Protein chains: 2
Amino acid sequence: MDVNAGFLPSRYRLTRQRAAVLRVLDGGGHLSAEAVHARVRSELTSISLGTIYRTLEILRDLGLVQVFSFEGGAARYETALDKHFHLMCSQCRELLNVQAGGVAEIAGEIATRHGYSDVDWSLTVVGRCLGCSEKALTEA
Amino acid sequence: MDVNAGFLPSRYRLTRQRAAVLRVLDGGGHLSAEAVHARVRSELTSISLGTIYRTLEILRDLGLVQVFSFEGGAARYETALDKHFHLMCSQCRELLNVQAGGVAEIAGEIATRHGYSDVDWSLTVVGRCLGCSEKALTEA
DNA sequence: CTCTCTGCAAAGCATTTGCACATTG
DNA sequence: CAATGTGCAAATGCTTTGCAGAGAG
């Protein structure tokens, strides 16, 4: 991804810190702020967690990054992709992106029926992944 | 709802506090722990917030109560009903329950394809509700 | 009399914020 | 130099927990 994209037409400056955060997220995965911090640190040793949070917020504002929050854990950040939903393992909490089919229609229909505007949706499917199922068997 | 239902076959005692929490939630709505606390207090003036949280956790464990967590706000609790999803206003954060149609199928299909078991799902549709849309117009 | 439950206050975790200094355009 | 960004540490909001006493079986 062109790290400059999205920055130029904005009031935000493209600093080393911001570029590094974006680069880490471009590496893929669903990372917590803490995890982003750890990775960016290998390059910018003195960057603070506060800056990570501030940066993630800005990248969100620019539409370059998406957040996923769930119960009992830190929010996970990923670079913005096509609209998708998440498949999450209830044990290891690993996240998988899944393409949406039909969900947008259901969401839109409901929203219209209730007079809601500026509609967005989020679907999360939770279950035990293959790896964790096997681990459970081995341990039993 | 019979407040005793669910308690008897369990290791939990039915105390005044627990009955009161359940009664408040049966009153309907999607309440934060803080809101439950405020309402229960009118009856049991010295009940603590800690007890509210502990009780909500137990009621969840018994399947009598469901939680809904979202970004940037306290979790909301409601008595367990048929599987449904939530329509949330992005401004006033009011929650509406909506019956599910087709979502379970999509979720199940995806989960099976990826080998996930013990599957559950949650769909949240977010938008601006009628009330908030009107308010926005009046203020403009 | 033992086990469970409660209130209280302290701790915990994720996130945000105030401030003084550094960096940038 | 004026505006923006940063590190640090303290503050915040929600939730959990340790403990000592109260209540239930």
Side-chain angles (χ1 to χ4, degrees), chain A residues 3-4 6-22 24-25 30-62 64-78 93 95, chain B residues 3-4 6-22 24-25 30-38 40-62 64-77 93 95:
Chain A
V3 135
N4 234 322
F7 273 99
L8 289 176
S10 83
R11 59 247 103 121
Y12 299 121
R13 290 182 187 160
L14 177 55
T15 61
R16 274 176 307 147
Q17 288 85 340
R18 291 174 186 174
V21 168
L22 202 40
V24 162
L25 285 172
H30 300 81
L31 304 176
S32 65
E34 197 81 63
V36 172
H37 188 213
R39 300 195 189 192
V40 172
R41 244 200 232 258
S42 65
E43 183 182 340
L44 295 167
T45 40
S46 71
I47 192 172
S48 74
L49 190 52
T51 297
I52 301 288
Y53 276 109
R54 274 187 284 232
T55 301
L56 289 170
E57 185 51 38
I58 289 170
L59 295 176
R60 253 184 103 179
D61 182 43
L62 294 172
L64 297 173
V65 161
Q66 287 175 341
V67 209
F68 174 71
S69 305
F70 57 95
E71 212 208 326
R76 308 284 196 84
Y77 299 81
E78 63 179 326
R93 307 227 131 155
L95 283 171
Chain B
V3 136
N4 235 321
F7 272 101
L8 290 176
S10 84
R11 59 247 104 119
Y12 300 121
R13 289 183 188 158
L14 177 55
T15 61
R16 272 175 309 146
Q17 288 86 339
R18 292 176 185 173
V21 168
L22 202 40
V24 162
L25 285 172
H30 300 81
L31 304 175
S32 66
E34 198 79 63
V36 172
H37 188 212
V40 172
R41 245 200 232 259
S42 66
E43 182 182 340
L44 295 167
T45 40
S46 72
I47 191 171
S48 74
L49 190 53
T51 297
I52 300 289
Y53 276 108
R54 275 188 284 233
T55 301
L56 289 170
E57 186 52 36
I58 289 170
L59 295 176
R60 253 183 105 180
D61 182 43
L62 294 173
L64 297 173
V65 162
Q66 288 176 342
V67 209
F68 174 72
S69 305
F70 56 96
E71 213 207 325
R76 307 286 195 83
Y77 299 81
R93 307 228 131 154
L95 284 170

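Numbers restart at 1 for each chain; the letters A, B, ... are given by sequence-line order, proteins then strands. None of the values given here were measured: they were computed from a predicted structure.
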Using a cut-off of strictly less than 4.0 Å, decide whether R18(B) has a side-chain nitrogen or oxygen near OP1 or OP2 of dT6(C).
yes
Between T15(B) and T55(B), is there a side-chain heavy-atom distance shorter than 4.5 Å?
no
Map A33(B) and R16(B) onto DNA chain D by nearest heavy atom, then report which one ends up closer to the 5' terminus.
A33(B)
Think Y53(A) has a side-chain N or O under 4.0 angstrom from the OP1 or OP2 of dT15(C)?
yes
Rounded interatomic separation in angstrom, taking CG from L31(A) and P from dA14(C):
15 Å
Within less than 4.0 Å of OP1 or OP2 of dC8(D), is there a side-chain N or O belonging to S48(A)?
no
Note: E57(B)-R60(B) ion pair, threshold 4.0 Å (strictly below)
yes
So if I take every side-chain heavy atom of S46(A) and compare against dT15(D), dG7(D), dT15(C), which nucleotide ends up nearest?
dG7(D)
So, OP1 or OP2 of dT6(D): does either fall under 4.0 Å of a side-chain N or O from T51(A)?
no
Under 3.5 Å, is there any donor-acceptor pair linking the side chain of R54(B) to the base of dG18(D)?
yes
Nearest whole Å is fine: how far is dT24(C) C1' from Y12(A) OH?
17 Å
Separation of I47(B) atom CD1 from dT6(C) atom P, in whole Å?
7 Å
So do L59(A) and Y77(A) actually touch side chain to side chain, heavy atoms under 4.5 Å?
no
Tell me the interatomic distance from R93(B), atom CZ, to dC14(D), atom P, rounded to whole angstroms.
11 Å
Nearest-neighbour nucleotide for the R13(A) side chain, dC14(D), dG25(C), dG7(D) considered
dG25(C)
So, do T51(A) and V21(A) sit near enough that their side-chain heavy atoms are less than 4.5 Å apart?
no
If you look at every heavy atom in V67(A) and A75(A), which pair is closest and at what distance?
CG1-CB, 3.8 Å
What's the CD-C1' distance between E57(A) and dT6(D), to the nearest Å?
17 Å
Counting side-chain heavy atoms from CB outward, which of dC5(C), dT15(C), dT15(D) is closest to L49(A)?
dT15(C)
Over how many whole Å does the gap from I52(A) atom CD1 to dC8(D) atom P extend?
12 Å
Between dA24(D) atom P and L14(B) atom CG, what is the distance in whole Å?
12 Å
Can you see if the side chain of Q17(B) gets near the phosphate of dG23(D) - specifically, an N or O under 4.0 Å from OP1 or OP2?
no
Between T15(B) and dT6(C), is there a contact of a side-chain N or O with OP1 or OP2 at under 4.0 Å?
yes
Whole-Å gap separating C1' (dG13(D)) and CD (E71(B)):
14 Å
